[in-house]
A.B. asks: 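Got a structure for you, questions after.
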Amino acid sequence: MIDQPQPVLEAIDIVKELGSGAGKVRAVKGASLALVPGELTLLMGPSGSGKTTLLSILGCILSSTSGSLRVAGTETSNLDSEELADLRRKHMGFIFQSYNLFPTLTALENVRIALDVRGQKGFAASNRCEEVLRDVGLAHRLRSYPGNLSGGEQQRVAVARAIASSPSIVLADEPTAALDGENGHAVMALLARIAKEQKRSVLAVTHDPRTLSYADRVVRIEDGRIVGEERRPDGLDAPEIADLTKRRKAHG
Amino acid sequence: MILTLAFRNLFHDRIRLAVTLIGILFSIVLVAVQLGLYLGASKMITSNIDHANADLWITVYGAKSFEDGGMLLTSRERHQALATPGVKAVIPLIVRFAEWRKPEGGSTRVVLVGTDAEDGGLEPFDLVEGSWEDIKAPEAIAVDRTYFNELGIKGVGDTAQIANGRVRIRAVTDGVRSFTQSPYAYTTLNRARALFGDGDGTTFYLVQTVPGADVKQVQQDLVNRLEGAEVLTKEEFRDRSLKQWLFRTGAGVALIGGALLGILVGTVIVAQTLYSSTKDHLGEFATLRALGSSSGYIYKVILAQAGISAIVGYILGISIALIILVLSHNTALPMVMTPALAFWLFTLTVGMCAISALSAIMKVTKIDPAVVFNK
């Protein structure tokens with residue numbers, strides 16, 4: 001019998017209302033989701049389905065209107081903004097669609113700042129940053145500024161920044177949206193490797209079908225609701241899981 | 001990394017940095033010059049009082065300042081003072097405005113100071129030519145070289161007319177300026193009396209107390225004995241002279257007002273540029289917040305930006321202020337810079353920049369880290 005790993009993030013019946021009065025919109029309508037170590041999960045859905053809002057809530061950046069979110073065993077509903085920031089600092093790494101690198105800092109400094117906000121300074125931190133940048137294939141770009149890097153390289157710096165502090169959860173928002181096919185595959189392969197080799201929970205919000213082949217699990221969201229979840233069966237390769245997803249959808 | 005990020009944020013936009021530094025520089029120079037002139041004026045006003053060897057000053061009632069001592073005291077007050085316990089010496093000093101008639105024609109006003117150095121009261125200071133012995137010679141007088149042109153003379157040996165008599169330049173001081181713009185002219189007590197025809201009248205009595213005497217008690221005893229005269233400590237007389245020339249004339253208010261204006265302008269410029277810099281980097285601060293940084297970390301980045309601006313702006317500003325200080329050395333109103341003023345200006349610059357950072361910090365406080373997903 002195989003032990004089921006404990007979830008590091010568990011969201012139960014999350015509801016998020018945006019706006020107020022007549023303009024109030026329910027963006028997430030009772031979504032439940034758990035992330036376990038060693039798994040790359042894709043959260044897929046059409047534009048406006050609430051996937052980025054849900055990602056913001058799971059990342060403790062946005063508070064839910066109702067529902068429960070536990071991160072590393074801590075219930076987040078009663079935490080203030082500083083406590084939520086502390087939780088992000090301790091357990092999460094983020095990758096953004098537009099990379100969100102600091103244009104005035106080098107690749108190495110962009111990664112170092114993620115450790116600096118965590119109080120990790122000095123040579124040890126610097127060495128760690130160089131190590132992760134080498135790990136993502138940017139050993140030759142340590143002192144390059146974002147403006148001198150390609151989109152793929154910038155996203156790899158962002159990945160390095162997200163994993164430098166060894167967080168248990170990595171959350172990525174459309175990590176391949178701004179990348180061409182080759183770079184998109186490279187970044188997804190990197191995320192899959194991080195999940196597998198470093199036993200982290202990686203959740204990527206995407207509507208890019210190219211990413212399916214790297215997923216251990218695909219969670220579908222539509223109109224603020226989780227409408228389906230497919231797990232890659234053992235031995236099934238990427239095109240097969242993509243096909244399976246298509247067929248399941250066609251049959252309702 | 002806080003300093004690195006702050007430094008890069010600042011130097012990334014060099015035009016804005018230049019505006020910030022010019023704002024600080026302008027502010028520092030203006031405040032330094034205004035306060036430097038204030039100190040210079042204060043030094044001029046009180047220099048004779050500071051150089052006089054006196055614990056107490058006896059003046060006629062209502063004397064306004066060193067230059068404006070009012071009616072003359074008589075030898076009666078001197079004898080009464082000498083009979084007061086704790087008094088060691090009572091030294092007469094004459095200070096009066098007088099008409100100086102230039103050798104080539106025309107006239108100007110001087111403040112004639114009559115004093116006998118051997119009495120140990122006040123002797124001409126900062127002499128660069130001649131000595132007190134030279135001033136004791138017939139008709140001798142000492143003036144400051146700054147005022148040669150104004151007095152219509154070229155140096156030692158030249159003559160002029162003061163009040164009732166002829167005087168000859170026998171000694172020259174350097175840097176003894178007059179706030180009233182009427183140059184000080186030093187001579188002996190008897191010659192001053194002779195020039196004015198005042199008999200044994202005197203403007204002030206400088207009181208020296210015996211060692212160990214309670215100056216306040218001696219002051220009170222003198223007040224009780226001397227009707228129609230005032231007895232002031234050195235500090236009280238300094239304050240009164242400063243009040244007269246700096247505040248009753250409005251000169252000091254103008255200088256301090258100018259300094260305050262400099263602080264205000266500097267604060268507004270720095271606040272404006274820091275705010276716009278923060279606004280431009282809001283996305284980056286939101287990213288920092290999303291990465292889990294505390295609010296304090298972001299505040300430190302903004303304060304570091306303010307601090308770097310303050311240090312660079314101060315170095316530039318104080319350098320220019322020092323150049324102005326040197327240039328003003330030979331003018332009628334030289335600027336003064338003391339280590340205390342330089343330190344105070346640095347504190348002021350840092351404080352001004354920290355206050356300026358408040359608007360930027362308030363802007364950052366409202367950051368919603370969720371904007372990182374909307375880019």
Side-chain angles (χ1 to χ4, degrees), chain A residues 18 51-57 59-63 80-106 108-121 125-126 129 145 158 161-162 164-165 167 171-174 178 205, chain B residues 1-18 20 273-274 276-305 308-309 312 360-375:
Chain A
L18 300 171
K51 55 186 188 299
T52 297
T53 305
L54 181 57
L55 181 77
S56 304
I57 293 167
C60 300
I61 283 174
L62 208 58
S63 298
D80 63 24
S81 65
E82 290 303 317
E83 290 167 327
L84 290 172
D86 187 49
L87 215 52
R88 289 197 294 274
R89 200 157 55 230
K90 285 177 178 157
H91 302 290
M92 295 180 181
F94 286 91
I95 299 161
F96 308 105
Q97 181 178 346
S98 309
Y99 326 129
N100 289 41
L101 299 179
F102 293 80
T104 57
L105 301 181
T106 64
L108 185 64
E109 289 166 340
N110 263 286
V111 180
R112 272 196 66 185
I113 203 161
L115 295 186
D116 200 63
V117 298
R118 290 166 170 84
Q120 298 173 33
K121 299 168 197 289
S126 208
C129 296
Y145 286 91
R161 181 175 68 183
S165 63
L171 301 175
D173 181 35
E174 303 277 7
V205 160
Chain B
M1 283 305 294
I2 287 174
L3 275 179
T4 306
L5 186 58
F7 188 84
R8 301 278 175 81
N9 279 353
L10 276 176
F11 284 81
H12 180 63
D13 187 341
R14 298 198 177 168
I15 291 175
R16 181 159 45 212
L17 176 66
T20 307
T273 52
L274 264 181
S276 69
S277 167
T278 302
K279 216 172 148 194
D280 283 0
H281 293 283
L282 221 45
E284 291 161 33
F285 290 129
T287 301
L288 270 180
R289 198 78 175 114
L291 293 178
S293 87
S294 62
S295 301
Y297 187 93
I298 296 173
Y299 299 161
K300 282 179 195 168
V301 174
I302 294 171
L303 286 171
Q305 281 183 234
I308 294 168
S309 304
V312 178
I361 285 174
M362 283 171 75
K363 180 77 184 169
V364 148
T365 304
K366 293 174 189 160
I367 280 185
D368 177 6
V371 299
V372 293
F373 293 118
N374 301 330
K375 287 177 83 180

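Lettering follows sequence order; numbering is per chain, from 1.
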A.B. asks: Any chance you could measure B:His281, atom NE2, to A:Thr104, atom OG1, to the nearest 0.5 Å?
C.D. replies: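 If I round to the nearest 0.5 Å, the distance is 6.5 Å.
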A.B. asks: CD of B:Glu284 to CG of A:Asn110: how many Å apart, nearest 0.5 Å?
C.D. replies: 9.0 Å
A.B. asks: Contact part of A:Leu62 toward chain B, heavy-atom cut-off under 4.5 Å: side chain, backbone, both or neither?
C.D. replies: side chain
A.B. asks: Based on non-hydrogen pairs under 4.5 Å, which of A:Cys60, A:Ser165, A:Pro167, A:Pro103 is most in contact with chain B?
C.D. replies: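 Looking at each option in turn, the highest pair count goes to A:Pro103.
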A.B. asks: Do you know which two heavy atoms are closest between A:Glu109 and B:Thr4, and how far apart they sit?
C.D. replies: OE2-CG2, 3.9 Å
A.B. asks: Going by side-chain contact (heavy atoms from CB on, under 4.5 Å), B:Thr287 matches just one of A:Asn100, A:Ile113, A:Leu101. Which one?
C.D. replies: A:Asn100
A.B. asks: What part of A:Thr53 lies closer than 4.5 angstrom to a heavy atom of chain B: side chain, backbone, both or neither?
C.D. replies: neither
A.B. asks: Can you say whether A:Tyr99 sits under 4.5 Å from chain B via the side chain, the backbone, both, or neither, judging by heavy atoms?
C.D. replies: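 Contact with chain B involves no heavy atom of A:Tyr99 at all.
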A.B. asks: With sequence neighbours excluded, what pairs up with A:Glu82 under the salt bridge (charged side-chain N to carboxylate O under 4.0 Å, His left out) test?
C.D. replies: B:Arg289
A.B. asks: Working to the nearest 0.5 Å, report the span between CG of B:Leu5 and CZ of A:Arg112.
C.D. replies: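 Spacing of CG (B:Leu5) from CZ (A:Arg112) equals 12.5 Å.
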A.B. asks: Around atom CZ of B:Phe7, are there more than 12 heavy atoms from other residues, nucleotides or ligands closer than 6.0 Å?
C.D. replies: no
A.B. asks: Which residues pass the side chain to side chain donor-acceptor pair (under 3.5 Å) test with A:Glu174, not counting sequence neighbours?
C.D. replies: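 Side chain to side chain donor-acceptor pair (under 3.5 Å) list for A:Glu174, sorted by chain: A:His207.
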A.B. asks: Anything in residues 290-299 of chain B with a heavy-atom distance to chain A below 4.5 Å? Please list those residues in order.
C.D. replies: B:Ala290, B:Leu291, B:Gly292, B:Ser293, B:Ser294, B:Ser295, B:Tyr297
A.B. asks: Excluding sequence neighbours, so at least two apart, what forms side chain to side chain donor-acceptor pair (under 3.5 Å) with A:Ser63?
C.D. replies: none
A.B. asks: Identify the two heavy atoms, one from B:Arg8 and one from A:Thr106, that lie closest to each other, and give their separation to 0.1 Å.
C.D. replies: NH1-N, 4.3 Å
A.B. asks: Within the structure provided, determine whether B:Leu288 and A:Phe102 are in side-chain contact (heavy-atom separation under 4.5 Å).
C.D. replies: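 Yes, their side chains come closer than 4.5 Å.
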